[in-house]
Peer 1: 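Sending over a structure as C-alpha cells; questions will come in a sec.
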Amino acid sequence: MFNNLSRSVLFSVVLLVSFYGLGCGSSEILTLNPAGRDASRVKLLFGITARFVPETATVWIGAPPGYAAPSAEVFITLPAQKQIKIRAFTDGSFYHRFPGDENSSVEISWTDRWGQFRTETITVSDPNDKIATGIGKAGIAPNRMYLVDGMVWVVNSGDDEIASYDPETLEPGSMRVSLPVYSNPWEVAFHLESRTGLVTTLFRGVFRFDMQTGEIGRVETSSSPFSPFASPNGVVMLDDTAWVANPNPVSYFPSRFGVGFLSKIEHGISPKVIGEIKTSWVNPQNVITDGKYIYASCTGTVDFMPPYWTPVALTSGGVHVIEPETGEIVASYELGEGGSGPMAITPDRRFLYIGSNIAGWLFRIDLFSGEVLNDASNPIILNNEPVTFIPKLEMLSNGLMICPSFNTDTIHFVDSSTGEVDPFPYSNPIDLRKGKTQAQIYYGVQDVVFCERDGHPGLLVLSSIINEFHWIPLD
C-alpha cells in the first residue's frame, strides 16, 4: 500500500496558505459578513480569537455563535485608542479586522446572551507558537490513534502491537496487545459493550482482542464460504457487525491488485465472516459509518513512477455506499485518478469528504443530491507539495474538519459546510516545522485527534517517522 511505502521517502515542503477578506469596521454601526459568507458557516471552537495575517498586515478578531446577545452592539477599542462600534450577527457571533501586528491587543466590550455587559482584552495568538513537539514516545511506525475510555490507544505497526497511553503524561499505560511477529497491524474498531475490538493486520489477517486482558484470537476464514482476508486495511464497527476493507494486492513492485472486497464480520466471542461485497474499483482501503450506512473508498492502482519515482494514480478510484443489513451497494461515486483515501462525514450527514493518497487534495460528495462536487479533476487543494498524502480526516461536532498532510508536516482546517480551506481564524495551517532547522523538519504526521489535556482543548498529533506525540493547544 502507498501509505506504508511513503513513510520512508523524504520530501521538501511547499506550503499553500489561503486567506480571505472581511468587511472592515468604521465609526458607524456595521453588520459584518465575512466575504459574503453566512456567519454560521465560519467555524470557531472557543471564545474570542485574534489572529495576525502578515501578508496583509492585519489582525482578524472573531467570536463564535452565542458569545454575544443577538444583534448586540460590540465596542472595539483599537491600539491607537480609536473606538469603533459594530453589530453582532443574529446568532451572537461577530467578526472584524484592522491594521495591526503580532503584538496587537484590543479591548472589546459587548452584551452577552444573558444580558450582562462584559469587557475583555484580547491579544493576538498563533497556534504555531504553542506547539509542543516530542512530548511522548510511541512505538515503532505508529499508524492509528484512538481516544477510548480516557486512554489513548495507538496501533504501533512496527512493534506488532496495540498500546495504551495516559493522555495527560503520554506515558505507556498498563495494556499492551501483542500480535504475531511481522503481522503489521493497521487499524482498530472497538466494541465497547464487550470491552473487545478487532484489529486488521496487513500480513496475518484480522484478530479479536480483549481490551482488559490483551488476549487475542484470530478471525478464521478457513471453513468459511467467503474469501480469506487479503491484506486487510480499514475496519469499522456498526452495532455488533464489523466491516473490513481488503485491497487484495497481487504485487507491490509494481503495484498490482486483484478484485477488492469487503468482509462482513459478526462480532462476538468467536467472530466469523458472514458476508462479502466485491468493489467496482481496486484497492479498497478505508471504511467508515454514519450509523446508517457503510462507506468504502477504493484508492485505485497507485504506483511510484519514473523519472522521479513519485506516486501516481494509474486507475480511477471511488466510493461505495452500502446498506449494512442487506449488504447491497446503494450508491457509487467515481472520483477519478486521485488515490481516494480516508473519509469523514459532516455532522448533518450531507457531505462526504475523501482525502487523497497521492496529493494534498480533498474530494467532496453531496450525499443529499448525489452530486460529486470535487473529484480528481477539480479537487479541494490543501497544499501544493509535489508529493504528500492525507492520512486522516477528523470531523468535529461543529463541522470544522482537521486535515493532516503527511509530507508537509502541516495540519489544515476546513469548513466542511463550504469546503473552504483554512478559514478565519485558522488562516494559516499549523506547521510542526516552524522554527526548526533543516535537520529537524520531518515528522510524518500520521494521525490527529481532538481532545482535552489538563483541562485545555487541543489537537494530539501522532507522527510515524520519529514515532512521537505532539500537542497543539487551541484555547
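Reckoned from all heavy atoms, side chains included, excluding hydrogens, waters and symmetry mates. Residue numbers count from 1 along this sequence.
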Peer 1: Please determine whether side-chain contact (heavy atoms from CB on, under 4.5 Å) holds for the pair L314 and V312, giving the CA-CA distance in whole Å, both sets of side-chain angles, and the decisive distance to 0.1 Å.
Peer 2: CA-CA 6 Å; L314 302 178; V312 176; 4.0 Å; yes
Peer 1: Show the nearest heavy-atom pair for residues G339 and V302, with the distance to one decimal.
Peer 2: CA-CG2, 4.4 Å
Peer 1: Might you point out which heavy atoms bring S416 and M395 nearest each other, and give the distance in Å?
Peer 2: OG-SD, 3.7 Å
Peer 1: Between T279 (side chain only) and P284 (backbone N and O only), is there a donor and an acceptor less than 3.5 Å apart?
Peer 2: no
Peer 1: Do S405 and T388 have side-chain N/O donor and acceptor atoms under 3.5 Å apart?
Peer 2: yes
Peer 1: Cation-pi check, R118 to Y67: give yes when NZ or CZ is under 6.0 Å from the six-membered ring centre and within 45° of the ring axis, no otherwise.
Peer 2: yes
Peer 1: With sequence neighbours left out, which residue pairs that include part of residues 340-375 fulfil the ring-ring contact (aromatic ring centres under 6.0 Å, His included) condition?
Peer 2: none
Peer 1: Apply ring pair (Phe, Tyr, Trp, His ring centres under 6.0 Å) to W153 and list each qualifying residue two or more places apart in sequence or on a separate chain.
Peer 2: F190
Peer 1: Would you name the heavy atoms of P391 and P404 that are closest together and state the gap between them?
Peer 2: CD-O, 3.3 Å
Peer 1: Anything under 30° is parallel, anything over 60° is perpendicular, the rest tilted; go ahead and classify H96 against F98.
Peer 2: parallel
Peer 1: Which distance, rounded to the nearest 0.5 Å, do you find between the CZ of R453 and the CG of L147?
Peer 2: 11.0 Å
Peer 1: Hey, are the side chains of P65 and S93 touching, using non-hydrogen atoms and a 4.5 Å cut-off?
Peer 2: yes
Peer 1: Can a donor-acceptor pair be found, under 3.5 Å and without considering hydrogens, that links the side chain of S255 to the backbone of T301?
Peer 2: no
Peer 1: Taking the side chain from D447 and the backbone from M145, do they hold a donor-acceptor pair closer than 3.5 Å?
Peer 2: yes
Peer 1: For the pair S464 (side chain) and N143 (backbone), establish whether a donor and an acceptor sit closer than 3.5 Å, ignoring hydrogens and angles.
Peer 2: no
Peer 1: Give, for atom CD of E171 and atom OG of S164, the distance between the pair rounded to the nearest 0.5 Å.
Peer 2: 12.0 Å
Peer 1: Just by distance, with hydrogens left out, do T410 and D431 show a side-chain donor and acceptor under 3.5 Å apart?
Peer 2: no
Peer 1: Starting at CZ of R97, measure out to CD1 of I61 and round the result to the nearest 0.5 Å.
Peer 2: 12.5 Å
Peer 1: Under 3.5 Å, side chain of E468 to main-chain N/O of S463, donor-acceptor pair present?
Peer 2: no
Peer 1: Could you walk me through whether Y333 and D366 satisfy the side-chain contact (heavy atoms from CB on, under 4.5 Å) test, starting with their C-alpha distance in whole Å, then the side-chain angles of each, then the deciding distance to 0.1 Å, before giving a yes or no?
Peer 2: CA-CA 10 Å; Y333 303 96; D366 187 331; over 6 Å; no
Peer 1: Taking only residues two or more places apart in sequence or in another chain, which ones pass ring pair (Phe, Tyr, Trp, His ring centres under 6.0 Å) with F469?
Peer 2: Y165
Peer 1: Mind checking the CD-CD1 spacing from E187 to I162? Nearest 0.5 Å is all I need.
Peer 2: 11.0 Å
Peer 1: Measuring from atom CE of M151 to atom CE of M175, what distance do you get when rounded to the nearest 0.5 angstrom?
Peer 2: 9.5 Å
Peer 1: Are the aromatic rings of W471 and H456 close, with centres under 6.0 Å apart?
Peer 2: no
Peer 1: State, with a plain yes or no, whether a side-chain heavy atom of N357 is found less than 4.5 Å away from one of P342.
Peer 2: yes
Peer 1: Give a yes or no on whether the backbone of L373 and the side-chain of N378 come within a donor-acceptor separation of less than 3.5 Å.
Peer 2: yes
Peer 1: Could you tell me whether the side chain of S157 and the main chain of P185 form a donor-acceptor pair under 3.5 Å?
Peer 2: yes
Peer 1: Going by heavy atoms in the side chains, are E394 and V449 under 4.5 Å from each other?
Peer 2: yes
Peer 1: Output, in order, the C-alpha distance, side-chain angles, deciding distance and verdict of side-chain contact (heavy atoms from CB on, under 4.5 Å) for V287 and V244.
Peer 2: CA-CA 7 Å; V287 285; V244 171; over 6 Å; no
Peer 1: Is there side-chain contact between E107 and T119, with heavy atoms separated by less than 4.5 Å?
Peer 2: yes
Peer 1: Does one side chain, of T123 or S105, offer a donor that lies under 3.5 Å from an acceptor on the other?
Peer 2: no
Peer 1: With side chains defined as the heavy atoms from C-beta onward, is the minimum distance between L335 and V372 less than 4.5 Å?
Peer 2: yes
Peer 1: Under 3.5 Å, is there a donor-acceptor pair linking the side chains of N156 and E161?
Peer 2: yes
Peer 1: How many angstroms lie between atom CD1 of I345 and atom CG of L393, to the nearest 0.5 angstrom?
Peer 2: 11.0 Å
Peer 1: Minimum heavy-atom separation for I390 to G355, with atom names?
Peer 2: CB-CA, 4.1 Å
Peer 1: Please find the pair of heavy atoms, one from S332 and one from I329, that lie closest to each other, and give the distance.
Peer 2: OG-CG2, 3.4 Å
Peer 1: Within the side chain of S297, is there an N or O that forms a donor-acceptor pair under 3.5 Å with the backbone of G341?
Peer 2: yes
Peer 1: I'd like to know if the side chain of N374 and the backbone of P379 have a donor-acceptor N/O pair within less than 3.5 Å.
Peer 2: no
Peer 1: I'd like to know whether M211 forms a side-chain contact (heavy atoms from CB on, under 4.5 Å) with L192, so could you lay out the CA-CA distance, the side-chain angles of the two residues, the decisive distance to 0.1 Å, and finally the verdict.
Peer 2: CA-CA 9 Å; M211 296 172 60; L192 294 183; 4.1 Å; yes
Peer 1: So, D409 side chain and G444 main chain: donor-acceptor pair closer than 3.5 Å or not?
Peer 2: yes
Peer 1: Taking the side chain as everything from C-beta on, heavy atoms only, tell me whether I131 gets closer than 4.5 Å to L432.
Peer 2: yes
Peer 1: Hey, does H320 have a side-chain heavy atom less than 4.5 Å from the side chain of W281?
Peer 2: yes
Peer 1: Can you see which heavy atom on M343 is nearest to which on I288, and at what distance?
Peer 2: CB-CD1, 3.5 Å
Peer 1: What's the verdict on ring pair (Phe, Tyr, Trp, His ring centres under 6.0 Å) for H470 and Y443, showing C-alpha distance, side-chain angles and the deciding distance?
Peer 2: CA-CA 10 Å; H470 317 289; Y443 294 95; 5.0 Å; yes
Peer 1: Any side-chain heavy-atom pair from W186 and V199 closer than 4.5 angstrom?
Peer 2: no
